[in-house]
Structures are given as C-alpha cells and as structure tokens.
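Below: the structure, in structure tokens.
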Number of protein chains: 2
Amino acid sequence: MRRPTIADIARRAGVSQAAVSFALNGRPGVSAATRDRILAAADALGWQPNTAARSLSAAAAGAVGLAVARPARTLGVEPFFMQLISGIQAELSERGYALLLDLVEDVHAEASVHRRWWAERRVDGVLLVDLRTGDPRPEVLREIGMPAVLAGGPDPTGAVPGVWVDDARAMTAVVEHLHGLGHERLAHVSGPPVMEHSAHRAEAFGAAAGPEAARAATDFSDAEGAVATRGLLRRRPRPTAIVYDNDVMAVAGLSAARQAGLSVPGDLSVVAWEDSALCRLTHPTLTALTRDAFRFGAAAAARLLDLVRHGPGGGAVGDTEFELPELVVRESTAPPRPNGG
Amino acid sequence: MRRPTIADIARRAGVSQAAVSFALNGRPGVSAATRDRILAAADALGWQPNTAARSLSAAAAGAVGLAVARPARTLGVEPFFMQLISGIQAELSERGYALLLDLVEDVHAEASVHRRWWAERRVDGVLLVDLRTGDPRPEVLREIGMPAVLAGGPDPTGAVPGVWVDDARAMTAVVEHLHGLGHERLAHVSGPPVMEHSAHRAEAFGAAAGPEAARAATDFSDAEGAVATRGLLRRRPRPTAIVYDNDVMAVAGLSAARQAGLSVPGDLSVVAWEDSALCRLTHPTLTALTRDAFRFGAAAAARLLDLVRHGPGGGAVGDTEFELPELVVRESTAPPRPNGG
DNA sequence: ACGGGTTTATGAACCGGTTCAGCGACTTCC
DNA sequence: GGAAGTCGCTGAACCGGTTCATAAACCCGT
C-alpha cells in the first residue's frame, strides 16, 4: 500500500497541503480546531514525513556523520568507542537526527568522506575524533564550510570547536596518586605522538613526573604495549610504576611484567588511562582513569546540533570543557616495596 | 558558493537537464560526444548528486540501517561488533550506500526504529543481529515489507533471509578437539537461551558432549561468566574443560579458575567461542574459535544490497551459509592431568 | 456602516534530481 | 521516392514536502 503523504492528509481533513504542513510543524497560520483535525487525520493515516522530501526543501539532511580512521582491530577492543557512539546516538535520536557511520583507512580518506557527505547533502555536520598533528580535516571542513565538532579537542588551529577533557590535569592527578603512594620512578607508555591527545598527556606526564621519568611511545596496540613494558623494565634503576595510555596496553603490560618475574602491585604499580570491563577482568584488577564516554559523546553531539541549528553565531562559542576523568583505585597500585630497587 | 546542480551542468554543456541526467547515469539517449561534453562539464563544476533529490524521485534512500539492541557496555568489550560493522561498511561504501547506526534498548525499540526508518524513507533495508526466540522483528519487517537480512540466521520463521554460520558443526569440532586431548568431562557456559544462536550452540554441545555434560547459562557478561565458572568447578566430578560462548566470559572464567586454585591448562582447559586481542592478552593465551567478522559483515551487507536492488525475486534466495569458524589452538587447552579426577 | 488590522487559509513556486512522451533528423529498406 | 524505424535530444510532469504572496474572513473601534 502506498505510504500516506500530506496530500492524503489534506484531502481527509478537507484543507490545503500548505495548511497541513503548517499544522504538522506547529507553525502559526491554522486555527486550533483545524490543527487538531489535521493532526487527527495524520495520526489516523499513520503518516511519517518523507526524509528525502523534507531534506530537499529544507536543505538539511537530518543526519550527522562520524567517520573514524582507526584500524577496526584496535577499535573493537577499546570499549571507549562504543560507549562514545552510544552517547552520540542517544543525543541525536532524541532530537530526531540519524547517525551515519563510516570506518576508513586514514584521516585523508576521512576528509574525502566528509567532502562527499557534504556535497551529497547526506549530513548536516560531522563529529571528529583522534586529532593528529598536521591533521588535514579541520582545514577541509573550514574550506567546505560544514559544521563540525571535535570530540577530544581543542583544535590547535581553531578551525573546529571542540569538546575536550583536561588530560594534563588528569595526568597530574595520576602522578600525584603514585607520588602519594611513595613512588619515585614513574614511567609512561603513550600512544603515537602524532595523536594530539596522546602528545598532550606525554607532555603533562613529563611536567608532573620530572624530565628524567621514562617514556615510551606505541601505536596503542597490545603488542607494542608489551614491547614498551619490557623495555622499561630493563632500565636500571627500574621504574616502580607505569602509566598506560589505554586499557589494552595496561593489560598487555601486566602480562609482560609477570613474565619478567615481577609481581603487580608488589614490584610494579600499573595505571590504565581508560577504564573498561577489561580492567576488572584481570588479576589484579587495574587502577584506571575513568571518564563517562557515553556522556562525553552526548555532549559532543549536543554541541554539534547547536552548531547545525543555530549556526556558528548562536549558542555556545569555542571550546567546551568536559568534566575531569576520575581515578578509580583498584588492586594494581600500591606503595613500592622498600627494597624495590 | 551555491553547490552546482544539473541545471548548471546543462547550461554549461548547452543541453537540457534530461540529457545531463541520462549522461550522468550512463543511460542511452545521448551520443558519445555529448556524453563526454556533459561529463567534462560536471567534472569541471565538481558536481555531486544531491542525495535528497535523488532519493525523492528514485524512492530509494541509498542507505541501509543497523539497529543494535544490546547494552553499550557489552558491545564495547566485544571486538566482534566493530569488525562486523567494519565489514558491512566496506561493502556498502563500495556500492555508494551509507550506513545508519542506532543503538537501542531492546528488540522492541529496534522494531520501532525499523518502522520509523522505513516510514521516513531513510533506509532501503536493514541488517539484523542477535535473533531472539519469539523475536518481534521478522514479523514487523514482513508487515512493512522492508528488505532485511539476518546476520547470524537462519530465521526459524523464514520471514527474513539470513547469512549464517553452522554453529552446530563448529561446536562439534570444539568438542572433538577436547575429546582428542583426552577430556571426558566437558562443560559449556552459554549466553542467554533466548538468543537463537546461543540456544543452537547449547543444543549442539549437548549432542556432541553427551547429555550428562554440565551447562550454565549467562547474560554474556564477565560477571556471570565468573559465577557460572565457580558453579561448574564445584561439581564432583569436576569438569576438566569448559567451552565459553564468548571471549569476555572465557577471560573471566580464567580468573575464576585461578582464584579457585586451579591451573590452566593443567587442571582445566578453556576454549573461547569468539577470538579477539583479549584472547592473546591473557596468560595463558586462549584457544579460541575464530571467524572473520569483517567478511561476515561484508557478506551480510552484500546479500542485503542484492535484495534491495533486485527485490526478493532476483539474486540469491533463502539463507546463505558462511564459512565455518576455525579453531585456533593456543595455550589454554591441553590434555587433562592423569590424576585430575 | 466603514476603514484598518489580524487571523486563517489557499495556490503556486520551489528544492534537485528522474522519467517519459514527443519531435525532428537521419538511416534503412523495398 | 516514400514509408518505417532508429537515434539524439527536449519539455514538462513528478517525487513529497516547505514557503510565500495573496486573498477571504473576521475583529475592533469609531
């Protein structure tokens, strides 16, 4: 059976199509009585707006996009993303927007997806994650003029407003926790320095733990996390605590330490940057920095919709700070052994 | 600057809009020379079709939907989903389709998302995962007539074609592996019996391992996986091998066994149904049943696009079987100790 | 009773593509 | 040489909404 259109509603309610449109969109121009009659007719017919038609005249897609440039392998293991997407989703569907998802190879592919989406009018804006140094995306977005919000900003070029977390302050809190336990030789296993947020954390770690503190950079994978851990544990004097930039590497580091004959937290304390079920599955359970990825996603989505609906002028301007992550202390952090090196 | 439309191309090439449309879509009705001229003009202007306009006249959205009814918590930890989505994506974007994602509470919410998407003409079809017993979705889809494919079928009601994996045969292979090692007392920790695929596996386990083999049902979470493990290990005689329905529970079971003073694989062999980085992060590494979730997703997407483009009549009919999962033997399975009674 | 303002409703244009009937011009065939 | 068919292209309708100029109906005060 053919899907009902506003013409069907108009016929049924005995009014013009224009009146139906006004009534359905809550605009002035129809009396209360007529409005009710129209709404009743629409309801009786089970009418739903045709997105294509609406998009065509409104010049708005009613959807936002998220293109992610990370290997699916990594994405899958980190619960963070799904939580983030879930939060984005919640905010969008509440306001009647849909989410377009694309998983691509790299940021250049992501930029061309953005271009295509915008040219095809598939989306009204996009969310960005994982800003890199020299990232082509902000420039492309400014060039084509598409609304965008960076989840995990701020964007140093200032082209894209961000919803961001103060990683530096969080890192300071982590280091203070370890200092408070009596640790003096800390180490940091970071992600790729090309990732802005990873670089920020590494920098903050250096500032808080001292320039002599050991660091190692990885690609966020469990494999490189293990390699980095083995490297750090060979140092003399040996670090007594390691901070990992994600949960996957922390778990891998745990295994590496055990294989090196070290006990956690007896010989080595471990902190994971992102919390997840993973951190509670291990033995010992991992002390972790937890943030509400769901609400983070929701906040970023809300900011984007603001931008989409009110333009760069209206609503909030510039970057929005999100609440500080909280350190959940579990079994993997303890005071260092007195004889510990 | 205004985005170019076919009218702009027509003007530039000195032809009618209709000719432009024919040329751009590779239809007959224009000479080769004219076609070239039009394509050159389109290229020069950087034209891209407006999705809304195209959808409106073609009565097709150029997108497919995936609504997932699982708590985000669970979703995040299982790499399977991201791999699946990634595979779906790859297939779709190759054919110019977009993916709409929605994360919802339960299958009823999912069914209403399907209704809305279809009514709004947002998608041309949907993919289904996690079929439940008495699932409302196939019936709703048949009612509204929307193309759909079940990833993980087959659908027992026959309303929705499926791309499926022969879980029963895979389970038999797992049991044979354990029997081959000398295990005689096997146990199975399954997901919720209300999940069709989980029920199938449990059934196949019973058939292969014998009716006296121990089973426990869970909600797929690490918590219930640990509880089920403790319960099974209290039995006398104790099982010497446990098969877990996902990787998360297998890891949790590993911890539970260790806490109960048992060594793996010395006292207990462990097999995980789904493979992931998780299985390689633990100590010992986990023997796991691995399937190519990426290609599985791609296969399901391809099947759906077939349905969308050629209708239920054309192309493949009914269910499509996907290749059998492969058992990757790692450290967690070994012959039982002779005294292990 | 009448001018001016407001409320309510309509017809028609418009968004950007697709599609189809129709019309010259050109080829083919007898 | 003329009928029939094919090719290349155009004009206009159409998809299903939104929007705006305009008009009819109504209200008010004088």
Side-chain angles (χ1 to χ4, degrees), chain A residues 1-39 41-42 45-63 96 116-122 124 309, chain B residues 1-39 41-42 45-63 96 116-122 124 309:
Chain A
M1 196 193 66
R2 221 184 81 270
R3 220 146 268 293
T5 71
I6 56 166
D8 299 319
I9 301 177
R11 211 171 305 121
R12 191 177 228 264
V15 295
S16 70
Q17 291 198 21
V20 174
S21 180
F22 291 144
L24 292 171
N25 292 296
R27 282 178 201 290
V30 282
S31 67
T34 308
R35 184 181 304 272
D36 288 348
R37 197 150 40 87
I38 292 172
L39 292 181
L45 293 170
W47 178 86
Q48 295 279 114
N50 176 318
T51 320
R54 185 166 272 182
S55 298
L56 187 55
S57 45
R116 186 164 44 76
W117 275 348
W118 186 241
E120 295 179 349
R121 286 271 184 270
R122 271 213 199 257
D124 297 322
R309 290 144 75 113
Chain B
M1 196 194 66
R2 221 184 81 270
R3 220 146 268 295
T5 71
I6 54 166
D8 298 320
I9 301 177
R11 210 170 305 122
R12 192 176 225 264
V15 294
S16 69
Q17 290 198 20
V20 174
S21 180
F22 291 145
L24 292 171
N25 292 295
R27 282 178 201 290
V30 282
S31 66
T34 309
R35 184 182 304 272
D36 288 348
R37 198 151 38 87
I38 292 172
L39 292 180
L45 293 170
W47 178 86
Q48 294 279 114
N50 176 316
T51 319
R54 185 165 273 182
S55 298
L56 186 55
S57 43
R116 186 162 46 75
W117 275 348
W118 187 240
E120 295 178 349
R121 286 273 184 267
R122 271 215 198 255
D124 297 322
R309 289 143 77 114

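Letters A, B, ... are given to chains in the order of the sequence lines, protein chains preceding strands, and every chain is numbered from 1.
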NA contact type, A:R27, heavy-atom cut-off 4.0 Å: base, sugar-phosphate, or nothing? sugar-phosphate

In B/S/- notation, 5' to 3', how is nucleotides 4-12 of chain C contacted by protein heavy atoms closer than 4.0 Å? ----SBBB-

Does B:R121 make a cation-pi contact with B:W118, if we ask for NZ or CZ under 6.0 Å from the ring centre and within 45° of the axis? yes

Do you know which two heavy atoms are closest between B:R122 and A:A63, and how far apart they sit? NH1-CB, 4.2 Å

With sequence neighbours excluded, residues passing side-chain hydrogen bond (donor to acceptor under 3.5 Å, both in side chains) with A:Q48: none

Applying a 4.0 Å non-hydrogen cut-off, can you work out what A:T5 is touching in the nucleic acid: base, sugar-phosphate, or nothing? sugar-phosphate

Given B:R37 and B:T34, is the side chain to side chain contact (heavy atoms under 4.5 Å, CB included) satisfied, shown in steps? CA-CA 5 Å; B:R37 198 151 38 87; B:T34 309; 3.7 Å; yes

Can you give me every donor-acceptor pair (side chain of residues 5-12 of chain A, partner residue at least two apart or in another chain, under 3.5 Å) with its distance?
from	atom 1	to	atom 2	distance (Å)
A:T5	OG1	A:A7	N	3.1
A:D8	OD1	A:R2	NH2	3.2
A:D8	OD1	A:R11	NH1	3.2
A:D8	OD2	A:R2	NH2	2.9
A:D8	OD2	A:T5	N	2.8

Tell me, which of residues 54-62 of chain B have any heavy atom that sits under 4.0 Å from an atom in DNA chain C? B:R54, B:L56, B:S57

Can you give me every donor-acceptor pair (side chain of residues 16-28 of chain B, partner residue at least two apart or in another chain, under 3.5 Å) with its distance?
from	atom 1	to	atom 2	distance (Å)
B:S16	OG	B:A19	N	3.2
B:N25	ND2	B:S21	O	2.8

Filter on side-chain hydrogen bond (donor to acceptor under 3.5 Å, both in side chains), then keep only pairs touching residues 49-59 of chain B, sequence neighbours left out; what's left? none

Span of DNA chain D, from the first to the last nucleotide whose atoms fall under 4.0 Å of chain A heavy atoms: D:dG16 to D:dC20

Axis bend over the full length of the helix from C:dA1-D:dT30 to C:dC30-D:dG1, computed from five pairs that close each end, to 10 degrees: 40°

